[in-house]
Amino acid sequence: MTSWLSSTPKSRRTLVPRFKEPTGEVVRDLLVKIPTLQLRRVFYEGLKNPLWVKPLAAAGAFVAPPDPVTSDDGYFRDVYWPEIEYLTRVAPAVPADVVDILLTLATSRNAWVRRAVFEIGAKIPASQGTRLKPLLESWKTTGFGWRTDPRDLVSFAVTLLEGGETKTGRWLANELFAPRPPEGADALLKTPTVELEEYWYVLELPRVVDALGDDALSATAGWLVAYAKSLGLVSDDHDASGMIRPMISERDLSHRGVADALVEAVRDLAIAGLREDPDGAAKALLWSGVNLLRKLAIYAVAVAIDRESSTGDVVPALIELSKRLLSDETPDDDHLRPEYAQLAQTLARISPDDLEVIRSFIDKVYAGDLAWMREHSANSGDDEPTPEDEIRARAERYRHQWLAAIGADALPVALREELAELDARLGSIESPNEPIGRVTSWSGPNAFSSQDEMASMSPVELVAHLASWHDTGDGWGPGPSHEGQGRELSALLTTQPGAISGVPDLVRVLRPTYLRAVLQGWSAALRADQALEWEAAAELVHDVLAHSYESDFPVEGRDLDDDKDFRWSKRAAIDLLEELLKRRENIVIPQEFFGRFADLLLDDVADEVPWMDYEAAERGSEVWGALTMSLNWTWPRRLGGLVLIATNDQDAPRATKALAALEKELARNDPHGASRAVLGGNLGRLFARQPEWLKAHLDEYFGTTDSVSREQQLALTTALAVHYCHRDLYELLTGSMTGAITVGDELVSGLRLDGKPLQKIGEWIINALIFGYSLLTDSLPQAFFTQVDAEVRGEALGAIAWGFSRSDRVDEGIRDRFAMLWDERIRHVRENSADRAELNGISWCAKGSQFAREWWLPRLRESLELDPAVASARYIIGTELARASSADALGSLAVLKLLVAAGEDKDTGVLTFDLGPHVLPIVIANAISSGDAATKHEGETLMNELGARGNLTLESEVQSVIDGSITPSDIPDD
């Protein structure tokens with residue numbers, strides 16, 4: 001081959017010194033000698049010299065890539081073009097020459113050419129790759145080539161982005177990753193269109209996200225908005241995009257598609273962005289107004305605050321952003337409830353004084369629900385509209401759901417009291433944060449008939465309609481499926497549980513997917529206070545539980561489109577039985593049917609499959625706590641049903657039988673502890689209705705003073721987390737709590753608590769002391785205050801003090817006993833300085849109106865002297881300190897000096913002031929104006945010191961207080 005080369009210009013010899021450029025005559029002679037595909041293939045696949053590119057192009061070697069040809073069997077076939085293989089190989093050496101040639105091939109339909117363009121673009125400099133954009137634009141309507149490697153598509157975009165050609169790189173990234181509305185047949189499936197296949201989309205998205213750099217969050221957020229709109233979930237008059245991801249923190253582990261990939265990319269970018277640039281990240285998330293992005297913002301802010309708080313102080317902008325999101329009246333969509341609750345709980349831990357923003361939001365949600373229900377009733381076409389009291393009751397249940405999801409500890413005082421009243425009147429909501437999208441909303445599979453269409457059918461017609469449809473799809477895409485139709489059926493039966501009434505032998509006619517849907521719909525109807533037809537419910541539950549696990553119906557569709565056996569139907573039957581066995585205020589189940597439902601559950605205990613499935617679950621998973629497993633596996637749910645039967649005081653024989661069955665199940669070696677979480681969660685119910693049985697088994701299930709096993713720890717910690725401290729329960733658990741304290745930091749929890757399990761024990765002990773159930777000299781309090789770390793003791797004391805600060809009224813006896821306990825702990829730290837962390841929560845005693853200033857101010861001062869770390873909560877008590885200075889100028893000034901000293905950076909001498917508006921000048925001004933010469937001198941000295949250290953406006957602010965321009969009324973309320 002070297003005999004064909006001639007001299008090379010000097011400039012090009014510098015580029016590739018070991019090659020020479022051929023003359024035009026040599027090239028033309030060669031092309032005459034390789035007329036066939038085989039000869040051309042040998043030549044081009046062996047040619048390494050990049051300097052042949054321009055001469056070959058000049059000779060017309062690259063002008064005619066072959067178009068696809070039609071084979072004898074009618075299929076199109078791409079003809080291989082060996083010339084493109086050569087261009088691909090030498091492109092890194094002579095990128096400009098190769099790009100010049102590629103730009104002439106815009107009209108080519110050869111898939112090998114299109115493949116090569118992206119492979120070349122990925123490995124040449126971005127400055128040359130950007131020149132290919134016109135070529136790519138010309139192919140948009142016909143596609144980038146079925147032979148094109150998806151990795152090369154993405155690599156080209158990455159090369160452009162990382163090489164500085166961000167405009168072209170962003171354009172190509174949008175072409176590859178931005179979802180578009182479906183077209184043609186796909187439009188019927190409501191599946192957004194993307195250039196990459198789902199598998200490659202999910203796999204390659206992280207690469208392009210990294211390459212996008214600072215633009216990554218805005219780009220991926222825009223793609224997610226486009227996905228939601230292309231799916232038809234967002235328009236001018238509705239936004240149901242939140243259902244795309246029922247919970248941001250978790251997804252269906254069986255499938256990870258385009259939506260999940262985008263949600264997780266936006267989530268991770270948002271969390272990082274919020275910690276670096278809260279305002280910029282918030283703008284990128286909230287600009288569109290789409291609920292899914294708002295849901296992501298709420299979640300990301302909560303996580304960002306958590307991570308900030310674990311490593312240091314939280315950026316104030318994050319606190320302000322969380323308040324804005326919690327007070328915003330826009331996201332009154334139930335799909336956003338889990339994330340809203342999480343952010344509220346996070347704010348409660350970091351800045352509990354700001355929780356009042358939740359009140360206006362809850363009121364707005366309630367008013368919106370009332371307005372919607374009234375309008376819906378008026379437009380329903382019914383002869384008689386829904387009564388107003390029924391509408392209000394239903395709206396109240398929705399309000400109850402929001403309050404329960406947020407939780408008492410994260411609610412303002414008034415809403416916390418309202419939650420307690422609703423719990424007492426309507427019953428506690430067991431899983432308030434269960435996303436509504438898991439049962440009734442679209443999450444992938446589609447239905448072949450809508451709820452309205454099914455509602456128009458008679459029960460016989462509806463059952464026949466469900467039984468006659470078969471999935472004949474190719475298994476690709478979320479097309480109509482049995483699973484999709486089952487979800488629509490569940491939603492229908494939630495509001496119209498009689499839609500299939502009177503049809504016998506459903507278990508023979510309907511496949512397991514639909515049986516499960518019916519049972520789930522009926523469970524949801526009960527939770528919504530809708531009565532069932534009891535005979536139909538008893539018959540179907542019996543038939544499902546009695547059926548073998550094998551199904552007579554062949555599975556249709558792809559994975560998860562159709563239940564392959566009766567496992568999930570049986571689980572749904574157990575769940576329904578548990579709902580039927582609960583006491584309900586608005587629904588009375590005849591005793592005859594209650595007995596039948598109880599017998600069905602008792603008979604099902606003989607089925608070993610639920611136990612085997614539960615036992616085989618992965619051990620040690622961080623995802624599952626014992627209480628969570630008790631709510632998500634059939635075997636422990638069945639135990640919960642046995643407890644309900646056992647505590648039904650109207651049916652003693654069945655209660656005795658249920659207790660015997662419960663004992664037998666509890667005797668198993670439970671590897672996950674869910675059975676103990678069931679016991680702990682039902683402690684109050686068992687104590688109220690089966691006290692003798694409980695006391696007889698107390699040591700076995702909850703432990704003793706001397707020994708508390710892992711299973712007993714799970715039962716105990718779940719009971720403490722689920723129940724409020726009550727005299728009888730406290731006395732009942734005293735021994736096991738004492739034993740648990742000896743376990744120390746290794747104590748395990750049945751529920752994922754924010755604090756340590758020992759802290760929860762401490763809170764129960766402190767409540768018992770202040771309620772008068774116990775004395776500090778008793779053995780259990782003595783064990784807690786002598787054996788548990790001071791930091792944990794302080795967290796428990798602080799948690800109770802925080803509750804006091806949020807209460808409008810506290811019994812004087814309770815308040816005084818708590819004050820005596822604080823005095824005792826201060827005395828203890830005075831004598832044992834190593835335990836000073838026990839005082840960290842005393843600042844909460846200054847909040848609210850429960851403790852007089854004469855009590856808390858001197859004790860706060862002494863606590864600061866004993867442990868300067870108490871000053872870390874100075875922003876909490878600034879307002880109270882300023883107001884207290886009007887009555888006790890000297891004491892307030894002394895505390896202020898301690899707070900200022902604690903806020904000094906020891907390395908730089910810089911002071912940080914986060915006491916709140918006007919606190920410094922008011923305290924100092926009151927000291928100067930006190931009439932006491934010594935106090936005045938101390939106030940002036942502190943003012944001058946702070947002024948000399950950079951607080952240049954302090955003197956004028958103090959003078960404004962003295963002149964009356966600033967008064968205590970100017971201090972903002974917390």
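Residue indices begin at 1 and follow the sequence shown. Note that this is a predicted model, so its numbers are computed, not measured.
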Are the side chain of [X] and the backbone N or O of [Y] linked by a donor-acceptor pair below 3.5 Å?
{"X": "Arg114", "Y": "Ser108", "answer": "yes"}
{"X": "Arg307", "Y": "Arg275", "answer": "no"}
{"X": "Arg89", "Y": "Leu47", "answer": "yes"}
{"X": "Thr130", "Y": "Ser127", "answer": "no"}
{"X": "Ser230", "Y": "Tyr227", "answer": "no"}
{"X": "Trp52", "Y": "Asn49", "answer": "no"}
{"X": "Asn110", "Y": "Val79", "answer": "yes"}
{"X": "Lys33", "Y": "Leu39", "answer": "no"}
{"X": "Lys295", "Y": "Pro246", "answer": "yes"}

Taking the basic N atoms (NZ, or NE/NH1/NH2) and the acidic carboxylate oxygens, is any pair closer than 4.0 Å for [X] and [Y]?
{"X": "Arg207", "Y": "Glu204", "answer": "yes"}
{"X": "Glu264", "Y": "Arg245", "answer": "yes"}
{"X": "Asp100", "Y": "Arg131", "answer": "yes"}
{"X": "Arg511", "Y": "Asp562", "answer": "yes"}

Pairwise distance [atom1]([X]) to [atom2]([Y]) - rounded to 0.5 angstrom:
{"X": "Tyr340", "Y": "Arg337", "atom1": "OH", "atom2": "CZ", "value": "12.5 Å"}
{"X": "Glu175", "Y": "Lys133", "atom1": "CD", "atom2": "NZ", "value": "9.0 Å"}
{"X": "Gln342", "Y": "Ile248", "atom1": "CD", "atom2": "CD1", "value": "10.0 Å"}
{"X": "Thr193", "Y": "Arg180", "atom1": "OG1", "atom2": "CZ", "value": "6.0 Å"}
{"X": "Glu162", "Y": "Leu212", "atom1": "CD", "atom2": "CG", "value": "9.5 Å"}
{"X": "Leu325", "Y": "Ile298", "atom1": "CG", "atom2": "CD1", "value": "5.5 Å"}

Min side-chain heavy-atom separation [X]-[Y] under 4.5 Å:
{"X": "Leu87", "Y": "Leu105", "value": "no"}
{"X": "Glu45", "Y": "Tyr86", "value": "no"}
{"X": "Val234", "Y": "Asn291", "value": "no"}
{"X": "Ile124", "Y": "Val98", "value": "no"}

[X] atom [atom1], neighbour heavy-atom count above 12 within 6.0 Å:
{"X": "Glu25", "atom1": "CD", "value": "no"}
{"X": "Trp568", "atom1": "CH2", "value": "no"}
{"X": "Asp214", "atom1": "CG", "value": "no"}
{"X": "Lys123", "atom1": "NZ", "value": "yes"}

For [X] and [Y], which heavy atoms make the closest approach, and how far apart are they?
{"X": "Asp239", "Y": "Gly289", "answer": "OD2-O, 3.8 Å"}
{"X": "Gly121", "Y": "Thr159", "answer": "O-CG2, 3.9 Å"}
{"X": "Leu51", "Y": "Lys20", "answer": "CD1-C, 3.9 Å"}
{"X": "Pro65", "Y": "Phe62", "answer": "CD-O, 4.4 Å"}

Out of Asp268, Thr220, Leu296, which residue meets the side chain to side chain contact (heavy atoms under 4.5 Å, CB included) rule with Val263? Leu296
The test is side chain to side chain contact (heavy atoms under 4.5 Å, CB included); show your working for Leu336 and Arg294 and say whether it passes. CA-CA 8 Å; Leu336 278 65; Arg294 188 173 297 277; 4.2 Å; yes
Run His482 and Asp563 through side chain to side chain contact (heavy atoms under 4.5 Å, CB included) and show every step you take. CA-CA 9 Å; His482 295 298; Asp563 292 354; over 6 Å; no
Show your working on ring-ring contact (aromatic ring centres under 6.0 Å, His included) between Trp223 and Phe177 and close with a plain yes or no. CA-CA 7 Å; Trp223 296 338; Phe177 291 96; 5.5 Å; yes
